[in-house]
Student: 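Shown below is the structure under consideration.
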Amino acid sequence: MYSCITLAVSDRVATITVNRPEKLNALNAATIGELEMAIDECRTREDIGAVILTGAGKGFIAGADISELANQSPIDAKSRALRGQRVFAKFERSPKPVIAAVNGFALGGGCELAMSCHFRLASEFAKFGQPEVKLGICPGYGGTQRLPRLVGKGRALQLLLTGEMIDAQEAYRIGLVNKVYPAAELLPAADAMLRQILANGPLAIAMCIEAVQHGLDAQLDDALTLEANHFAILAGTADMREGTSAFLAKRPPAFTGR
Ligand code: COA
């Protein structure tokens, strides 16, 4: 079913692996299409509770496939950008947590897709950058917007304007990644973190993601109202009753997502 990616599920955690290692997993149109199918599949399958996104070989994703960009017209370029933005938004708005496990080069569209995930863990060999300006283009999959939101305007502009690559430690220092691991420990660490998340109430997880996602771009007053509404909705769930009564009974909760 998939030829540019793989999707493997192990005990509720799906791993989407971009699988074009000979091109450092560059995002051609077919790969973007499969990523959309994969994140849709993860959203709808009940046996999946969380997602890891990673890359095969020494790359995470080395950007958009430059061979497809070379002859694009302005109209092609706009629809390419909008399509990618739409697909990346599905990662960002997934009600199930999505972690980018950045194993290698995360450049251009690769850095942009990692930034569309809920948070990023990196291998010691990961490299990040928005090198589009070196090709005479600017980012088109959200890099000019998500990067300043994550690392601040000055640092984002430095990366966007120089096109420089930074290593995992620098990405950690500026807040682009949450933690750096020895390469062999990256996927087990992402899996362990998702299992910690999956032990919590799934509706509460989805509400946290939605509140952060929508709240960050709203006025504080509106965002706080959104939060209060989410808090109220959760008060009507079996999971809230289960979580609170389990605490009071000094037993672990058994959430059902209802
Ligand atoms: N699009 C298309 N092909 C790409 C690619 C991309 N974004 N990034 C790497 N590749 C291909 C290379 O052309 C090469 O293919 P080939 O073996 O058929 O020639 C293969 O992947 C391996 O890359 P190579 O450049 O040989 O590896 P390297 O280790 O010497 O360099 C990078 C790694 C990441 C520094 C270098 O590949 C690079 O700069 N890539 C482009 C990054 C970029 O500008 N991304 C933003 C695009 S908008």
Side-chain angles (χ1 to χ4, degrees), residues 2-6 16-36 38 53-89 91-92 100-117 120-151 155-172 174 176-177 180 183 186:
Y2 295 112
S3 59
C4 309
I5 66 157
T6 61
I16 301 173
T17 306
V18 183
N19 193 25
R20 300 179 74 216
E22 69 291 351
K23 295 291 177 194
L24 298 177
N25 304 319
L27 296 175
N28 59 4
T31 307
I32 295 267
E34 291 191 12
L35 284 168
E36 179 168 28
L53 174 71
T54 194
K58 73 169 180 173
F60 172 70
I61 295 168
D65 191 315
I66 297 169
S67 66
E68 289 186 354
L69 303 183
N71 295 313
Q72 64 184 354
S73 71
I75 301 298
D76 296 338
K78 181 155 183 194
S79 49
R80 182 188 307 282
L82 290 175
R83 176 171 188 240
Q85 289 176 6
R86 185 169 53 75
V87 173
F88 287 20
F91 283 76
E92 189 166 56
V102 182
N103 53 302
F105 293 109
L107 303 175
C111 190
E112 291 169 298
L113 184 52
M115 290 191 290
S116 303
C117 296
R120 288 141 294 287
L121 306 178
S123 123
E124 60 198 319
F125 300 127
K127 298 259 192 294
F128 297 81
Q130 295 289 161
E132 287 88 343
V133 288
K134 296 184 179 203
L135 302 169
I137 53 177
C138 70
Y141 291 158
T144 63
Q145 303 308 308
R146 291 196 179 93
L147 189 57
R149 282 168 172 74
L150 271 171
V151 305
R155 287 180 179 129
L157 277 167
Q158 181 184 335
L159 287 168
L160 290 162
L161 302 187
T162 62
E164 70 182 318
M165 245 194 280
I166 57 171
D167 65 16
Q169 285 304 337
E170 177 66 359
Y172 172 71
I174 66 175
L176 187 52
V177 303
V180 181
L186 175 63

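FYI, side chains are in, hydrogens and waters are out, and symmetry mates aren't considered; it's all heavy atoms of this structure. Just follow the structure's listing: the first ligand is 1, and inside any ligand the first atom is 1.
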Student: Output the distance between atom NZ (Lys78) and atom OG (Ser73), rounded to the nearest 0.5 Å.
Tutor: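 Here the rounded value is 12.5 Å.
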
Student: In this structure, does ligand 1 have an atom that sits under 4.0 Å from one of the heavy atoms of Lys127?
Tutor: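 Lys127 does not count as a contact of ligand 1 under the 4.0 Å cut-off.
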
Student: Is there a side-chain contact between Met115 and Leu176 (heavy atoms, below 4.5 Å)?
Tutor: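 They are in contact (side-chain heavy atoms under 4.5 Å apart), so the answer is yes.
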
Student: So, the side chain of Glu34 versus the backbone of Ser3: is there a donor-acceptor pair under 3.5 Å, distance only?
Tutor: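 Indeed, once roles are kept as given, a pair shorter than 3.5 Å links the two residues.
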
Student: State, with a plain yes or no, whether a side-chain heavy atom of Arg120 is found less than 4.5 Å away from one of Leu150.
Tutor: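 Heavy-atom side-chain distance check passes, below 4.5 Å.
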
Student: Does the protein put a heavy atom under 4.0 Å from atom 26 (O) of ligand 1?
Tutor: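 No, there is no protein heavy atom closer to it than 4.0 Å.
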
Student: For ligand 1, is there an N or O atom under 3.5 Å from any N or O atom of Ile66?
Tutor: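 Among all N and O atoms of Ile66, at least one is under 3.5 Å from an N or O of ligand 1.
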
Student: Give a yes or no on whether atom 40 (N) of ligand 1 lies under 4.0 Å from any heavy atom of the protein.
Tutor: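 No, because not a single protein heavy atom sits under 4.0 Å from atom 40 (N) of ligand 1.
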
Student: Could any protein non-hydrogen atom be found less than 4.0 Å from atom 2 (C) of ligand 1?
Tutor: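 Given the 4.0 Å limit, the answer for atom 2 (C) of ligand 1 is yes, a protein heavy atom qualifies.
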
Student: Go through ligand 1 atom by atom and flag the ones less than 4.0 Å from a non-hydrogen atom of Leu107.
Tutor: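 That gives atoms 34 (C), 42 (C) of ligand 1.
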
Student: Decide whether Gln158 and Glu164 meet the rule of one side-chain donor and one side-chain acceptor closer than 3.5 Å.
Tutor: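 On atom types as modelled, these side chains qualify, holding a pair under 3.5 Å.
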
Student: Would Thr17 and Asn19 count as having a side-chain donor-acceptor pair, cut-off 3.5 Å?
Tutor: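 Note: Thr17 and Asn19 side chains miss the donor-acceptor criterion.
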
Student: If you count heavy atoms of other groups shown closer than 6.0 angstrom to CG of Leu161, is the number above 12?
Tutor: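 Yes - once you tally the heavy atoms of other residues, nucleotides and ligands closer than 6.0 Å, there are more than 12.
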
Student: Please check whether Ser67 reaches ligand 1 - meaning an N/O of the residue sits under 3.5 Å from an N/O of the ligand, judged on distance alone.
Tutor: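 In fact, backbone or side chain, Ser67 has no N or O that close.
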
Student: Considering Lys58, Arg20, Gln130, which one's heavy-atom position lies nearest to atom 29 (O) of ligand 1?
Tutor: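 The nearest heavy atom belongs to Lys58.
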
Student: Determine whether any heavy atom of Glu22 lies closer than 4.0 Å to an atom of ligand 1.
Tutor: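 Yes.
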
Student: To check your reading of the model: name the closest protein heavy atom to atom 23 (O) of ligand 1, its residue, and the distance in Å.
Tutor: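 Protein heavy atom with the smallest distance to atom 23 (O) of ligand 1: Leu24 CD1, 3.6 Å.
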
Student: Can you pull out the closest protein heavy atom to atom 15 (O) of ligand 1? Residue, atom name and distance to 0.1 Å, please.
Tutor: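 Its nearest protein heavy-atom neighbour is Lys23 NZ, 3.4 Å.
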
Student: Strictly inside 4.0 angstrom of atom 18 (O) of ligand 1, do you find any protein heavy atom?
Tutor: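 Within 4.0 Å of atom 18 (O) of ligand 1, protein heavy atoms are found.
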
Student: Can you confirm whether more than 12 heavy atoms, excluding those of Tyr172, are under 6.0 Å from its OH atom?
Tutor: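 No - once you tally the heavy atoms of other residues, nucleotides and ligands closer than 6.0 Å, there are 12 at most.
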
Student: Can you list the atoms of ligand 1 that are under 4.0 Å from a heavy atom of Asp65?
Tutor: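 Reading through ligand 1 atom by atom, the close ones are 1 (N), 2 (C).
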
Student: Measuring from atom 5 (C) of ligand 1, which candidate in Ala26, Gly109, Ala106, Gly163 has the nearest non-hydrogen atom?
Tutor: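 Of the listed residues, Ala26 has the closest heavy atom.
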
Student: Identify the protein heavy atom lying closest to atom 42 (C) of ligand 1, giving its residue, its atom name and the separation to 0.1 Å.
Tutor: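 Nearest protein contact, heavy atoms only, for atom 42 (C) of ligand 1 is Ala62 O, 3.5 Å.
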
Student: Do Ala64 and ligand 1 have an N or O pair less than 3.5 Å apart?
Tutor: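 Yes.
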
Student: Answer yes or no: is there a side-chain heavy-atom contact under 4.5 Å between Glu112 and Gln85?
Tutor: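 Side-chain contact under 4.5 Å: no.
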
Student: Calculate, to the nearest 0.5 Å, the distance between atoms OG1 and CG belonging to Thr31 and Leu113 respectively.
Tutor: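 With rounding to 0.5 Å, OG1 (Thr31) is 11.0 Å from CG (Leu113).
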
Student: Out of Glu132, Lys134, Met165, indicate the one that has the non-hydrogen atom closest to atom 48 (S) of ligand 1.
Tutor: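 Heavy atom nearest to atom 48 (S) of ligand 1 belongs to Glu132.
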
Student: Looking only at heavy atoms, what is the nearest atom pair of Tyr141 and Gly109, with distance?
Tutor: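 Taking Tyr141 first and Gly109 second, the nearest heavy atoms are CD1-CA, 4.1 Å.
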
Student: Tell me whether atom 36 (C) of ligand 1 lies less than 4.0 Å from at least one protein heavy-atom position.
Tutor: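 Under 4.0 Å from atom 36 (C) of ligand 1, zero protein heavy atoms found.
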
Student: Distance alone, cut at 3.5 Å: any donor-acceptor contact between the side chains of Thr54 and Asn103?
Tutor: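 Yes, a side-chain donor-acceptor pair sits under 3.5 Å.
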
Student: Protein heavy atoms: any of them under 4.0 Å from atom 21 (O) of ligand 1?
Tutor: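 Under the 4.0 Å cut-off, atom 21 (O) of ligand 1 does have protein heavy-atom neighbours.
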
Student: If you have a sec, work out which protein heavy atom is nearest atom 44 (O) of ligand 1 and how many Å separate them, to one decimal?
Tutor: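 Answer for atom 44 (O) of ligand 1: Pro131 CG, 3.5 Å.
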
